[in-house]
Structures are given as structure tokens and as C-alpha cells.
Number of protein chains: 2
Amino acid sequence: MSDSELASDLVVHAARLVRAVRRELELPAGTRIISLLDEHGPLGITQLADLDRCSQPTMSAAVAQLVESGWVTKKPNPDDARGTVVTLSGTGRDELRRVRRRHGERVAALVAQHPDLTTEDLATAVAVLRGVLQEGTP
Amino acid sequence: MSDSELASDLVVHAARLVRAVRRELELPAGTRIISLLDEHGPLGITQLADLDRCSQPTMSAAVAQLVESGWVTKKPNPDDARGTVVTLSGTGRDELRRVRRRHGERVAALVAQHPDLTTEDLATAVAVLRGVLQEGTP
DNA sequence: CAAATTACATAGGTAACCTATGTATTTCTA
DNA sequence: TAGAAATACATAGGTTACCTATGTAATTTG
């Protein structure tokens with residue numbers, strides 16, 4: 001199978017996985033965001049939107065929800081009165097831990113059903129997905 | 001990193017990829033469906049819903065759209081007057097080819113930016129995603 | 001043959017996106 | 001250094017893709 005076919009399948013199967021997980025475990029957009037904050041530390045709205053590949057208004061709304069949930073805090077950026085700084089809260093970190101455990105257990109169980117899939121394969125899959133999104137989307 | 005952590009990351013990154021692709025290349029729900037029909041041949045609404053992990057009403061609506069686009073045909077099932085048979089049309093097959101080429105080129109280009117990611121890695125990633133979704137979601 | 005099951009359709013509602021546009025602040029430039 | 005351009009967000013309005021609940025017709029079962 002060509003790289004091109006594989007790449008196309010990657011997308012379709014990724015889409016299917018996301019929907020399957022969303023159905024049985026909940027995968028709100030906020031999860032991606034607190035995950036980003038955990039990885040990068042405090043960020044502005046636009047930075048978050050860029051990292052998550054969504055529009056700025058979408059991120060504004062998503063962050064507003066997270067603030068309401070108490071999972072992040074939003075303060076004006078002291079160095080730039082236009083901007084804000086979104087920070088992961090302790091509650092948010094707890095939530096992230098919970099979500100990760102839920103998803104982890106569930107997906108790991110599915111992976112375990114396939115003896116031909118090793119931990120290394122799983123790591124490779126994550127690396128591919130991560131790599132595809134890194135930097136240059138020219 | 002544990003299997004559980006990896007599995008959790010798999011989901012989040014998959015979600016991010018799907019949204020990134022949806023943004024710049026279009027990834028309508030119909031794509032997944034014609035992809036299923038291509039893989040399995042003609043199917044009923046409920047069968048499609050099960051395979052795509054969505055509800056039956058969702059699939060009904062999605063198929064209705066596809067019929068309108070001319071990418072599939074819907075005929076009553078001759079063996080069971082309750083059911084219908086959804087079949088991929090020639091136009092649908094063409095569209096699938098187009099979509100695959102678009103996605104393939106785009107994602108393959110991104111993969112190519114990462115010399116450490118081989119075709120084999122890509123194949124592994126697809127196998128993992130496919131495996132995770134296969135059969136038993138008990 | 002009545003009851004349960006199955007295959008869809010319809011109705012109504014939500015989450016997560018988007019583009020277009022407005023506003024305040026900061027940076028660039030002539 | 002004043003005015004123009006750019007930047008960081010917010011708001012408004014709209015779409016897509018889902019969902020659950022429920023109704024209907026046809027099939028299978030007891």
C-alpha cells in the first residue's frame with residue numbers, strides 16, 4: 001500500500017476512533033485544551049487556537065467554558081493589555097488525570113485484545129500522529 | 001510511558017489530526033461512509049451505523065445526504081421489506097478516489113517532513129487505529 | 001395470531017466548529 | 001511622533017454532525 005493510501009486511511013480511522021471514544025467515554029473539546037496547557041504551560045487564546053488548529057473564536061468560547069468549569073483561570077496579560085493568560089488550575093490538572101486514566105484504561109484494554117499490537121506499536125502510532133501535526137502545515 | 005498513557009495520547013492526538021484535516025481539506029461524515037461501502041460492499045443503514053459507531057438516526061441522515069449527492073443509491077432490500085440496501089455509485093467511487101488522493105498527498109507530505117517516520121511506521125499507526133476499533137467494544 | 005423484535009424515519013436538541021466583524025491595544029512607519 | 005497596520009480577543013449568526021426519544025411498518029416467535 002502506498003504512503004498516500006496509508007495516509008488517507010490514517011485520517012479516516014482516526015476520525016472513527018475519535019467518534020467511538022466520544023460516544024462511550026466523553027471527549028469534550030476542553031480535554032484537548034487542558035492537555036495543551038499541561039504540556040506547554042500558560043498560554044494566550046490565540047496561541048492555544050494555533051496549537052489546537054482551531055479558530056480564535058472557537059478557542060475563546062472553549063476557554064470560557066473551561067473557566068466556568070474551574071479547570072483553568074484567565075487573567076489579563078501583564079505585558080500586553082490586549083492579551084490574556086490561560087493557566088491550568090489544580091482542579092483542571094485533576095480532571096486531566098481522570099480523563100487520561102479513563103481513556104487510557106479503555107483504549108489500552110482494546111489494544112490488549114490484539115496480541116499482535118505491542119506497546120511499541122502504540123508508541124509508534126502516537127509518534128506518527130504527533131509528527132504529522134508538528135510545525136509546518138505550510 | 002505506560003500503555004495507558006500512550007493510549008490516552010493516541011486519542012487526543014487523533015482528535016487533533018481529524019480537526020486539522022477537517023479544517024483544511026474537508027472531511028465530511030460521508031467520507032467515512034463511502035469508505036465503508038467501498039470496503040464491505042452494499043450494506044443496510046443499521047449495519048453502516050454499527051460499523052461507523054454512530055446511531056441509526058445519524059446514519060439515516062448521513063445516507064440521505066449521500067443519496068442527494070449521488071454518491072450512493074438506496075433501494076429497498078428485496079429480501080426484507082423493512083430494510084434498505086445502500087450501494088456505492090460510480091460517482092461515489094470517483095469521489096472516494098479524489099478524497100483519498102487529497103488526504104493522501106497532504107498527510108504524506110507532512111509525514112515526509114519527518115525523516116524519522118517511515119512508511120512502516122505509518123502502516124503501524126493505521127494498523128493500531130484499525131485494531132483498536134475492530135470488533136469487541138464490550 | 002398476538003407479542004416481541006427489527007429496520008428505518010422523524011422530531012427536537014446540543015456541542016463544536018466556522019466566517020465575518022467590531023474593539024482595544026501595540027507596533028511599525030513616514 | 002501621529003497615523004496606519006497589525007495583533008489579541010469578543011460577539012453575532014450560522015452550519016455540521018451527533019445524540020435520545022419515539023413512531024411505524026414488516027418480520028420473527030411463542
Side-chain angles (χ1 to χ4, degrees), chain A residues 11-12 14-36 42-69 71-87 99, chain B residues 11-12 14-36 42-69 72-87:
Chain A
V11 174
V12 169
R16 201 121 55 201
L17 171 64
V18 170
R19 275 249 330 301
V21 170
R22 219 187 279 275
R23 267 197 104 182
E24 55 173 307
L25 295 180
E26 306 280 299
L27 177 57
T31 299
R32 294 196 311 270
I33 301 170
I34 57 179
S35 170
L36 281 172
L43 295 166
I45 298 280
T46 301
Q47 288 176 309
L48 277 171
D50 289 346
L51 286 171
D52 199 43
R53 312 286 182 118
C54 71
S55 71
Q56 168 263 310
T58 294
M59 187 53 72
S60 285
V63 167
Q65 269 186 246
L66 290 176
V67 168
E68 193 139 356
S69 306
W71 296 340
V72 307
T73 60
K74 205 172 89 174
K75 289 178 299 188
N77 185 338
D79 299 338
D80 186 340
R82 298 169 301 179
T84 57
V85 180
V86 181
T87 310
V99 168
Chain B
V11 173
V12 169
R16 201 121 56 201
L17 170 65
V18 169
R19 275 251 328 301
V21 170
R22 219 187 278 276
R23 266 197 104 180
E24 55 173 306
L25 296 180
E26 306 280 298
L27 176 59
T31 299
R32 294 197 311 271
I33 301 170
I34 58 180
S35 170
L36 281 173
L43 294 167
I45 298 280
T46 300
Q47 288 176 309
L48 277 171
D50 289 345
L51 285 171
D52 200 43
R53 311 286 182 118
C54 71
S55 71
Q56 167 264 308
T58 294
M59 187 53 73
S60 285
V63 167
Q65 269 186 248
L66 289 176
V67 168
E68 194 141 354
S69 307
V72 307
T73 60
K74 204 172 90 173
K75 290 177 300 189
N77 185 339
D79 299 338
D80 185 339
R82 297 169 302 179
T84 56
V85 181
V86 180
T87 308

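Note that the structure is predicted; figures quoted are calculated from it, not measured.
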Go through the side-chain N and O atoms of B:Gln65 and B:Ser69 and say whether any donor and acceptor fall under 3.5 Å apart. no
Phosphate oxygens OP1/OP2 of [N]: is one of them under 4.0 Å from a side-chain N or O of [X]?
| X | N | answer |
| --- | --- | --- |
| A:Thr46 | D:dT7 | no |
| A:Lys74 | D:dA8 | no |
| B:Arg19 | C:dA16 | no |
| B:Thr58 | D:dA17 | no |

Contact letters for nucleotides 21-28 of chain D, in which S counts primed atoms plus P, OP1 and OP2 and B counts the base, heavy atoms under 4.0 Å: B----BS-
Can you check the [X] [atom1] to [N] [atom2] distance for me, whole Å?
| X | N | atom1 | atom2 | answer |
| --- | --- | --- | --- | --- |
| A:Leu25 | D:dC18 | CG | P | 17 Å |
| A:Glu24 | D:dT20 | CD | P | 12 Å |
| B:Arg22 | C:dC18 | CZ | P | 11 Å |
| A:Leu27 | C:dT14 | CG | P | 20 Å |
| B:Asp50 | C:dC8 | CG | C1' | 13 Å |
| A:Arg32 | C:dC17 | CZ | C1' | 10 Å |
| A:Asp52 | C:dA16 | CG | P | 12 Å |
| B:Gln65 | D:dT15 | CD | P | 13 Å |

List in chain and number order the residues that pass salt bridge (charged side-chain N to carboxylate O under 4.0 Å, His left out) with A:Asp50, two or more places apart in sequence or in another chain; answer none if no residue qualifies.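 Expected list: none.
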Pick from B:Val72, B:Thr58, B:Val63: which one makes a side-chain contact (heavy atoms from CB on, under 4.5 Å) with B:Leu48? B:Val63
Which listed nucleotide (C:dC18, D:dC19, C:dA9) is nearest to the side chain of B:Ser60? C:dA9
Describe the nucleic acid contact of B:Gln47 in one word from base, sugar-phosphate, nothing, applying a heavy-atom distance below 4.0 Å. nothing
